[in-house]
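See below for the structure under consideration.
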Amino acid sequence: MSTKKVIQVNKLTKNFGDFKAVNNITFDVGKGEVFGFLGANGAGKTTAMKMLIGITTPSSGKANVAGFDVNTHAEDIKKNIGYMSQKFALYDDLTVNENITFFGGIYGLTRKEIKEKSIELLKELNLEDVKNMLVASLPLGWKQKLSFSVSLLHNPKIVFLDEPTGGVDPITRRHFWEMIYKAASSGTTIFVTTHYMDEAEYCDRVSVMVNGKIEALDTPKKLKETYNVKSMDEVFLKLVRK
Amino acid sequence: MSISVSHISKSYKKVKALENISFDVKPGELFGLIGPDGAGKTTLFRILTTLMLADDGIAKVDNFDVITDYKNIRNCVGYMPGKFSLYQDLTVEENLNFFATIFGTTIEENYDLIKEIYIQIEPFKTRRAGNLSGGMKQKLALCCALIHKPTVLFLDEPTTGVDPVSRKEFWEMLKRLQHKGITILVSTPYMDEASMCDRIALIQEGKILEIDKPELIVKKHLKDIYNIRANDMFLLIQSLKSYKNHYSIYPFGEFVHYTDKNKDFNSTELKKYLETKKLTNIIIEKTTVTIEDAFMELAK
């Protein structure tokens, strides 16, 4: 992890009518950092994330993501980031290969690059035998691993992962995190939300959102020390239930 | 027995959703089906609530057969499906009233049972169900499943996608319902919720891996597990994988859970090996087995 910042958020706010969904949040994320973005349901995580990936305009405040301003250069942000969520990942009625080709095209890769990347990716994920099968027929864990790899096709600076492992079996969930570590160790920044508190411990730093505000931000170790508890689960409880 | 499942199988074309599943749930028991997506949990719920027929096997709920006595079962069970299935364009109160009427009862008659849960959403009783937050939807769905005072309650992944605090509160609610004498069969993909159940079945790919009290499942796990930590997680995992004596390696919170091939594991030797991989701040210590460790070992 270097000290270079790839996400810089300054007093970012989003109002829906009188409701402050995101209320004046400020934080930075470094290059190659695994950053956990936690919070209770309805705390404002999704709204904050939507502003960072350039699909929702902030009401006020600033954010710079992958070198671009979310207020003025949202389209450039989209080209420089990857995104995957549990809900939207791949097209079920396309095959594994077709999905790779499709997303490769969307991300602006050349035919040659797509071909090379597909071979590499299928080999790495051990999906060569099922490359012509519909994605719908794959187990959830395989889909999520494939989806993560697809979000990395264009070598983005940052990948946003919105609850990537919900419902995935424990072994695959761990393979998934090994993939995350690998991407991070090669310099890709990971911005991840999760409801699994053991996964919060995998992050370099973690922020906890409560009612639109970031109530805590530090390494899991420091957070546990600050709140004098043994696990991130307890940190979360203390912050959200107070 | 409140629920008895005997040699149930179900396939969808080529996919075996359930393979020869058998287990019993005692009256008043809180029984957990713990397993990931695709394990067959929902299929089992649909068979037990008489919404789907099994290919093979016998199942009874409250001593009623799911095929011949399906009408009786429908009257005495409560079912909360994984997907929110209330009427989005009815208000909170209208939904509850609707389900009470369907079962020939009124909100007042069984208000005691739902009171604790309902008072949390009562301030929003004129709001349409579609406009509720996730947590409130879940509470309303539970109220609707309880309004006819069922003897057996089926909850299919009620806590999926729910934050840890709301999950804890939900389980506290279940415990209180259990004390009122309701038998509960609940499924979850979160392994840490297993300890809240009296007994659990670990299920994966249509097969039951193990059934027992959570503390006994953990006890049956024979291998010693070690917490290992170092300055670089990715390098640590890679290094452990190339270590000759490794049996299993899983990231587990801030540690890696490591098991060794040998009974007399030598931590000094492993530490020396990791140091040759340029890892620093190495910690190796024995740790307690969790349900998730047991699940991974059984599923291996």
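Below, chains carry the letters A, B, ... as their sequence lines are ordered, and counting in each starts from 1.
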A/Ile171 versus chain B, the contacting section by heavy-atom distance below 4.5 Å = both

What's the shortest heavy-atom distance between A/Gly167 and B/Pro189, and which atoms?
-> CA-CB, 4.0 Å

Considering only heavy-atom distances, could you tabulate the donor-acceptor pairs under 3.5 Å between chain A and chain B?
from     : atom 1 : to       : atom 2 : distance (Å)
A/Asn41  : N      : B/Asp163 : OD2    : 2.8
A/Asn41  : OD1    : B/Asp163 : N      : 2.8
A/Asn41  : ND2    : B/Gly161 : O      : 3.1
A/Gly167 : O      : B/Asp37  : N      : 2.9
A/Arg173 : NH2    : B/Glu292 : OE2    : 2.7
A/Arg174 : NE     : B/Pro251 : O      : 2.5
A/Arg174 : NH1    : B/Glu292 : OE2    : 3.0
A/Arg174 : NH2    : B/Glu292 : OE2    : 3.4
A/Glu178 : OE1    : B/Lys241 : NZ     : 2.6
A/His195 : O      : B/Arg167 : NH1    : 3.4
A/His195 : NE2    : B/Gly161 : O      : 3.2
A/Tyr202 : OH     : B/Pro251 : O      : 2.8
A/Lys224 : NZ     : B/Glu254 : OE1    : 3.4
A/Lys224 : NZ     : B/Glu254 : OE2    : 2.7
A/Asp233 : OD2    : B/Lys168 : NZ     : 3.0

In terms of heavy-atom contacts, does CG of A/Asn228 have more than 12 from other residues, nucleotides or ligands at under 6.0 Å?
-> no

Chain B shares the most heavy-atom pairs under 4.5 Å, among A/Gly166, A/Ala184, A/Ala40, with A/Ala40

Side chain, backbone, both or neither: which part of A/Pro220 has an atom under 4.5 Å from a heavy atom of chain B?
-> neither

Contact origin within B/Met296 toward chain A - heavy atom pairs under 4.5 Å | both

Which bit of B/Val162 comes within less than 4.5 Å of chain A, counting heavy atoms only: side chain, backbone, both or neither?
-> both

For A/Lys50, look at atom NZ and say whether over 12 heavy atoms of other residues, nucleotides or ligands are found less than 6.0 Å away.
-> no

